[in-house]
Amino acid sequence: MLKIYNTLTRSKEVFIPRVAGKVGLYVCGMTVYDYCHVGHARVMVVFDTVVRYLRYSNYDVTYVRNITDIDDKIIHRANENSEDFNALTERFIEAMHEDERALSVLPVDIEPRATTSIPDIISMIEKLITNGFAYLGTNGDVFYAVEKFKNYGQLSGKNLDDLQVGERVDVDLAKRNPMDFVLWKMAKINEPFWVSPWGNGRPGWHIECSAMSTCCLGNSFDIHGGGMDLQFPHHENEIAQSEAATGEKFVNLWMHNGFVRINEEKMSKSLGNFFTVREVLKQYRPEIIRFFILTSHYRSPLNYSEESLSDAEAGLTRFYTALRDVEIVDADIDLEFKTRFEQAMNDDFNTPVALAVLFDVARELNKTKSPVLAITLRSLASVLGLLQDDSETFLKGTNDGDAEIEAQIQARIDAKKAKNWLLADQIRDELKAKNIILEDSPDGSTRWRR
RNA sequence: GGCUGCGUAGCAAAUCGGUUAUGCAGUGGCCUGCAAAGCCAUCUAGAGCGGUUCGACUCCGCUCGCAGCCUCCA
């Protein structure tokens with residue numbers, strides 16, 4: 001029985017899909033004006049793992065994750081680069097897909113873009129105006145009137161009266177209420193625009209997600225996810241928009257993942273303290289990043305550090321070492337470990353506990369070399385998107401220079417046969433200086449890893 | 001000011017009202033020419049103060065500390 005923590009109720013709930021056996025999942029994706037950083041990688045990996053586990057649990061999942069390909073920052077960056085905004089977003093969408101593939105993130109089912117959803121966005125804004133939830137501001141922008149929506153604040157636990165409006169941001173006098181937010185923004189000179197009943201302009205940020213999610217998944221759907229920082233105002237506003245437009249309950253279950261931190265501080269673009277996925281990939285193999293992300297529960301903070309990454313590498317090495325030399329056969333997996341793994345994942349996708357179960361499998365496997373345990377380890381790990389590589393490939397890395405290493409190892413084997421321990425140890429030390437670790441087998445052969 | 005969440009051993013990270021989490025590192029042993037890998041054993045816990053309880057790291061309250069949101073943010 002799968003339980004998931006619902007931000008809306010602040011408790012773990014037994015997951016019951018609207019339609020038996022089917023799950024509609026929408027996750028707020030990236031604004032594509034720069035490379036993805038580790039924080040974005042966390043969203044991708046976490047929800048990829050959620051989807052993998054739901055599918056493993058025999059749910060028919062429709063996974064939608066949008067791309068925000070028009071907004072102020074994109075326009076700004078395109079201007080900085082003297083580049084067409086479409087060219088800019090295309091570049092970063094391609095880069096994002098590359099990062100995802102590297103991290104073994106499976107493609108989403110539907111990847112709607114704001115710029116190709118304009119008619120849906122306009123029609124939702126029209127409904128909001130008709131239903132009395134939106135109005136034309138004095139500057140020509142269309143705004144959502146938050147006080148018209150009686151449950152405003154239900155997700156974030158905020159009360160309109162308690163919010164310190166205007167303390168750090170100037171109040172826009174075009175709005176009736178300072179908390180009102182823009183649905184349609186008039187284009188300034190030289191800005192990209194789309195034609196609408198309210199003039200040439202572009203959609204506000206929040207409305208695109210309401211339009212795209214309901215278009216792809218229906219007025220009501222099962223799970224909506226995203227980073228913690230989107231809880232307010234983004235997701236709060238999505239609820240207000242969608243429910244005011246459709247008159248139906250928008251989403252049953254809200255999932256929010258925790259931040260990646262650096263030195264106990266949120267990793268973010270605005271703070272400038274971020275590492276892009278491709279930067280980290282220069283130093284660590286992609287599976288290490290994925291493993292690192294899954295060593296922490298998705299709602300907990302995840303502190304990024306060199307030490308955490310090398311710990312992750314050590315952990316993966318242990319797994320791949322255990323899998324080495326064991327024949328992978330087609331067999332039923334060990335029921336006890338399978339049950340423990342599922343219990344962990346059923347408890348709000350508790351990947352740290354699931355990994356602990358896999359480490360227990362690895363210990364047994366090391367003791368017994370049982371093919372059943374090997375297939376158990378590999379198939380359960382595949383639910384987490386891990387351990388699908390060949391052991392030798394992982395342990396040796398992809399660098400070249402292997403022939404030279406093999407030659408030195410042969411020289412050492414000869415030295416060992418001659419009981420020339422001094423030379424044998426010298427060769428081993430030389431290789432160790434190049435981060436090559438040797439392991440002698442009882443049969444006289446030697447193998448190595450990086 | 002309002003609202004969230006968190007505080008576990010050297011590091012990372014979970015579970016759980018009473019029984020070994022787990023990984024890395026350390027220590028002792030087995031194995032090895034010596035190592036490495038592996039196996040076995042083992043040392044470091046639960047911010048502080050109260051309360052509930054036969055018993056609390058686990059539930060409740062308060063204090064302190066940290067992070068986040070209230071502005072774009074995954």
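Throughout, protein chains are lettered first and strands after them, A, B, ... in sequence-line order, and every chain is numbered starting at 1. Computed from heavy atoms alone, side chains included, the values below leave out hydrogens, waters and symmetry copies.
On the C1' atoms, B:G26 is 8 Å away from B:C43, given to the nearest whole Å. A distance of about 12 Å separates the P atoms of B:C49 and B:U58, rounded to the whole Å. A distance of about 24 Å separates the P atoms of B:C40 and B:A45, rounded to the whole Å. The gap from the C1' atom of B:C64 to that of B:G48 amounts to 7 Å, rounded to the nearest Å. The separation of B:U4 from B:U8, taken at their P atoms, amounts to 22 Å, rounded to a whole angstrom. Comparing the P positions of B:G46 and B:A9 gives a spacing of 8 Å, expressed to the nearest Å.
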Strand RNA chain B in bracket notation, Watson-Crick/G-U under 3.5 Å with | for pairs to another chain: (((((((..(((.....[...))).(((((.......)))))....(((((..]....))))))))))))....
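Residue A:Val260 is in base contact, counting any heavy-atom pair closer than 4.0 Å across all strands shown. Counting any heavy atom pair closer than 4.0 Å across all strands shown, A:Ser308 reaches no nucleic acid atom. In this structure, A:Met44 reaches neither bases nor backbone, as no heavy-atom distance under 4.0 Å exists between it and the strands shown. Backbone-only engagement by A:Glu264 is indicated by non-hydrogen atom pairs under 4.0 Å involving sugar-phosphate atoms exclusively. Among the heavy atoms of the strands, none lies under 4.0 Å from A:Arg65. Here A:Ser156 lies in heavy-atom contact (under 4.0 Å) with sugar-phosphate atoms only. If you check every strand for non-hydrogen atoms under 4.0 Å, A:Gly157 touches sugar and phosphate atoms only. At a threshold of 4.0 angstrom between heavy atoms, the contacts of A:His234 with the nucleic acid are absent. At the heavy-atom level, A:Ile437 lies under 4.0 Å from the strands shown only through sugar-phosphate atoms. Looking at heavy-atom distances under 4.0 Å, A:Ser300 makes contact with sugar-phosphate atoms alone, never a base. When heavy atoms are screened at a 4.0 angstrom cut-off, A:Arg299 is found touching no nucleic acid atom at all.
Residue A:Lys419 places no side-chain N or O under 4.0 Å from the OP1 or OP2 atom of B:C34. Applying the 4.0 Å criterion to OP1 and OP2 of B:A37, one finds that A:Asn366 has every side-chain N and O outside that range. Distances shown here put a side-chain N or O of A:Arg363 below 4.0 Å from the OP1 or OP2 atom of B:G23. Considering only side-chain N and O atoms, A:Lys367 lies under 4.0 angstrom from the phosphate OP1 or OP2 of B:C40. Phosphate contact (OP1/OP2 of B:A37, side-chain N/O of A:Arg449, threshold under 4.0 Å): present.
Residue A:Asp229 places no side-chain atom within donor-acceptor reach of the base of B:C72, judged by atom type and a 3.5 Å distance cut-off alone. For a distance-only test at 3.5 Å, the side chain of A:Arg42 fails to qualify as a donor-acceptor partner of the base of B:A74.
For A:Phe143 and A:Phe181, the ring centers sit 6.0 Å or farther from each other. Two rings, from A:His206 and A:His235, have their centers 6.0 Å or more apart. The aromatic ring centroids of A:Phe85 and A:Tyr33 lie 6.0 Å or more from each other. Between A:Phe149 and A:Tyr152, a ring centre-to-centre spacing not shorter than 6.0 Å is recorded.
Residue A:Phe259 contributes atom CZ, which lies 13 Å from atom P of B:A67 at whole-angstrom precision. Nucleotide B:U4 holds its C1' atom 15 Å from the CG atom of A:Asn257, rounded to whole Å. Rounded to an integer number of Å, the gap from A:Asp311 CG to B:G23 P is 12 Å.
Side-chain atoms of A:Ser296 lie closest to B:A14 of the nucleotides B:G33, B:A14, B:C69. When each of B:C34, B:C70, B:C39 is scored by its nearest atom to the side-chain atoms of A:Arg318, the top-ranked nucleotide is B:C39. Each of B:A74, B:U15, B:C3 was ranked by its minimum atom distance to the side chain of A:Asp347; first place goes to B:U15. Which of B:U4, B:C72, B:A67 sits closest to the side chain of A:His206 comes down to B:C72. Residue A:Asp360 has its side chain nearest to B:U22 when only B:U22, B:U4, B:C70 are considered. In the set B:C72, B:U4, B:A74, B:U4 carries the atom at the smallest distance from any side-chain atom of A:Arg10. Closest to the side chain of A:Lys158, from the set B:G5, B:C69, B:U22, is B:C69. Of the candidates B:C70, B:A67, B:A14, B:A14 carries the atom nearest the A:Val353 side chain, counting heavy atoms from C-beta on.
Residue whose closest nucleotide on RNA chain B sits further toward the 5' end, between A:Tyr5 and A:Gly29: A:Tyr5.
A:Tyr26 and A:Glu238 form no side-chain donor-acceptor contact under 3.5 Å, judged by distance and modelled atom types alone. Side-chain contact, A:Thr31 with A:Asp71: no donor N or O sits under 3.5 Å from an acceptor N or O.
Among pairs with a residue in residues 258-281 of chain A, those fulfilling ring-ring contact (aromatic ring centres under 6.0 Å, His included) read A:His37-A:Phe274, A:Phe275-A:Tyr304, at least two apart in sequence or across chains.
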